[in-house]
Amino acid sequence: MVQSIGTKKIKCAVLISGTGSNLKSLIQFSKKKNSPISIELIISDNFKSKGLQLGKIYKISNKVFNFKKKIVAEKKMIYEMKNKKIKLICLAGFMKILSKEFIKNFKGKILNIHPSLLPKYKGLNTHQRAILNKEKYSGCTVHFVNSKLDSGKIILQKKVRISNSDTAKSLAKKILSQEHKLYPKAIRKILNL
Ligand code: GAR
């Protein structure tokens with residue numbers, strides 16, 4: 001369980017693989033006056049992640065680890081997290097699967113955002129699959145991470161209507177803008193704020 005004590009901010013790490021628009025919204029959330037979190041660390045598995053630039057802009061330390069050597073990468077990540085006293089890990093477009101051992105180290109402290117209404121459309125290509133199945137709605141989910149892919153306890157979801165003209169790209173865009181609002185709300189929810 002993640003607990004907020006007094007006025008002390010919860011130290012967070014954000015894990016990314018790509019653009020980092022969710023990272024950006026979390027940074028903006030952390031900068032709000034009454035925000036319960038501070039972002040202390042950005043980690044990526046990909047040197048080319050655009051989101052890493054945000055670390056430079058906002059002066060947040062960032063690290064890149066090579067997940068081709070996953071066990072080594074995770075060991076280094078655990079070291080960094082403990083060193084920075086990280087209490088909450090937010091996966092934000094992080095496209096690698098964390099090992100059971102890693103998850104055990106941070107039980108109940110890892111969150112993920114997924115672009116579908118889980119338990120529907122776990123994994124990749126969520127938007128394409130939702131459209132092909134003629135769903136009327138899709139959306140996004142923030143959930144706790146457990147050892148099964150996209151299967152941990154759901155914290156919050158937001159429904160988004162799929163229109164007849166939607167493509168995977170247009171739907172992704174609509175959902176992404178909702179993700180940016182949902183992640184901060186979900187963090188407040190788990191902290192009972
Ligand atoms: C977001 O839509 C996020 O939900 C998704 O990747 C995108 C990252 O965008 N995550 C997953 O699919 C995880 N399985 P961003 O880099 O702009 O935040």
Side-chain angles (χ1 to χ4, degrees), residues 1-45 49 51-65 73-115 118 140-147 150-158 176-193:
M1 205 173 108
V2 188
Q3 263 183 317
S4 142
I5 304 162
T7 52
K8 262 200 168 173
K9 291 190 190 277
I10 308 276
K11 293 185 189 308
C12 295
V14 182
L15 273 56
I16 60 169
S17 295
T19 313
S21 70
N22 275 293
L23 165 64
K24 190 173 182 189
S25 95
L26 289 175
I27 294 174
Q28 284 164 348
F29 172 56
S30 75
K31 301 281 178 202
K32 286 195 172 154
K33 212 174 156 193
N34 63 351
S35 175
I37 62 161
S38 70
I39 297 173
E40 304 289 329
L41 183 61
I42 297 166
I43 289 179
S44 178
D45 60 306
S49 300
L52 288 169
Q53 299 301 326
L54 293 164
K56 289 186 188 133
I57 296 169
Y58 290 94
K59 299 194 170 47
I60 301 168
S61 35
N62 57 69
K63 301 265 172 200
V64 179
F65 296 120
E74 288 188 341
K75 271 197 178 146
K76 288 181 181 168
M77 270 170 43
I78 292 171
Y79 173 82
E80 290 295 331
M81 307 268 184
K82 303 249 154 142
N83 193 29
K84 292 211 173 302
K85 301 192 166 45
I86 298 296
K87 297 286 182 283
L88 181 66
I89 300 173
C90 298
L91 310 189
F94 184 67
M95 304 310 271
K96 295 283 185 241
I97 295 173
L98 295 165
S99 71
K100 278 184 190 159
E101 287 67 35
F102 181 89
I103 294 168
K104 250 193 235 161
N105 270 275
F106 299 97
K107 211 169 167 255
K109 294 185 171 137
I110 312 178
L111 312 182
N112 181 40
I113 188 151
H114 184 76
L118 290 173
C140 44
T141 304
V142 179
H143 64 94
F144 285 105
V145 171
N146 65 10
S147 56
D150 300 328
S151 298
K153 190 172 177 243
I154 291 171
I155 301 163
L156 274 182
Q157 293 186 302
K158 175 74 184 176
L176 195 58
S177 71
Q178 293 303 322
E179 292 183 36
H180 299 156
K181 297 181 200 159
L182 194 70
Y183 219 154
K185 267 194 197 164
I187 291 174
R188 283 199 191 278
K189 184 172 175 195
I190 63 158
L191 297 173
N192 295 315
L193 297 170

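Source: prediction; values computed, not measured.
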Participant: What is the distance from atom CD1 of Ile10 to atom CD1 of Ile190, rounded to the nearest 0.5 Å?
Facilitator: 8.0 Å
Participant: Are the side chains of Phe106 and Val145 in contact, using a 4.5 Å heavy-atom criterion?
Facilitator: no
Participant: side-chain contact (heavy atoms from CB on, under 4.5 Å) with Ile37: which of Cys12, Pro184, Cys90?
Facilitator: Cys12
Participant: For Ser38 and Lys11, indicate whether the former's side chain and the latter's backbone hold a donor-acceptor pair under 3.5 Å.
Facilitator: no
Participant: Check whether any side-chain heavy atom of Tyr58 sits under 4.5 Å from a side-chain heavy atom of Ile39, and report yes or no.
Facilitator: no
Participant: Is the terminal nitrogen or CZ of Lys181 (NZ for Lys, CZ for Arg) located under 6.0 angstrom from the six-membered ring centre of Phe29 and within 45° of that ring's axis?
Facilitator: no
Participant: Can you tell me how far the CD1 atom of Ile110 sits from the CG atom of Asn146, to the nearest 0.5 Å?
Facilitator: 10.0 Å
Participant: Considering all heavy atoms of both residues, which atom of Pro36 and which atom of Arg188 are nearest to each other, and what is their separation?
Facilitator: CD-NH1, 3.8 Å
Participant: Given Met77, which partner from the list Asp45, Ile89, Ile43 fulfils the side-chain contact (heavy atoms from CB on, under 4.5 Å) test?
Facilitator: Ile43
Participant: Measure the shortest side-chain to side-chain distance between Leu176 and Asn22 over non-hydrogen atoms and say whether it is less than 4.5 angstrom.
Facilitator: yes
Participant: I'd like to know if the side chain of Lys189 reaches the main chain of Ile155, judged simply by a donor and an acceptor atom lying under 3.5 Å from each other, with no hydrogens or angles considered.
Facilitator: yes
Participant: Does the side chain of Leu98 come within less than 4.5 Å of Leu91's, by heavy atoms?
Facilitator: yes
Participant: Are Ile86 and Lys109 close enough that some pair of their side-chain heavy atoms sits under 4.5 Å apart?
Facilitator: no
Participant: Of all heavy-atom pairs between Ser49 and Ile16, which one has the smallest distance, and what is that distance?
Facilitator: CB-CD1, 4.0 Å
Participant: Looking only at heavy atoms, what is the nearest atom pair of His143 and Ser151, with distance?
Facilitator: CE1-N, 4.3 Å
Participant: Working to the nearest 0.5 Å, report the span between CD of Glu80 and OG of Ser61.
Facilitator: 7.5 Å
Participant: Nearest 0.5 Å please: distance from the CG atom of Leu54 over to the CD1 atom of Ile27.
Facilitator: 5.0 Å
Participant: Where do Leu41 and Lys63 come nearest, in terms of heavy atoms and distance?
Facilitator: CD1-CG, 4.1 Å
Participant: How far apart are the closest heavy atoms of Lys158 and Gln178, and which atoms are they?
Facilitator: CE-OE1, 3.4 Å
Participant: Which atom pair, heavy atoms only, marks the closest approach of Leu118 to Thr141?
Facilitator: N-OG1, 3.1 Å
Participant: I need the full list of side chain to side chain donor-acceptor pair (under 3.5 Å) pairs touching residues 94-103, with sequence neighbours left out, sorted by first then second residue.
Facilitator: Glu74-Ser99
Participant: Out of Leu52, Ile60, Leu15, Val14, which one pairs with Leu23 under the side-chain contact (heavy atoms from CB on, under 4.5 Å) rule?
Facilitator: Val14
Participant: Say you draw a straight line from NZ of Lys75 to CG of Asn105; how long is it, rounded to the nearest 0.5 Å?
Facilitator: 11.0 Å
Participant: Could you grab the distance from atom CD of Glu179 to atom NE2 of His114, nearest 0.5 Å is fine?
Facilitator: 9.5 Å
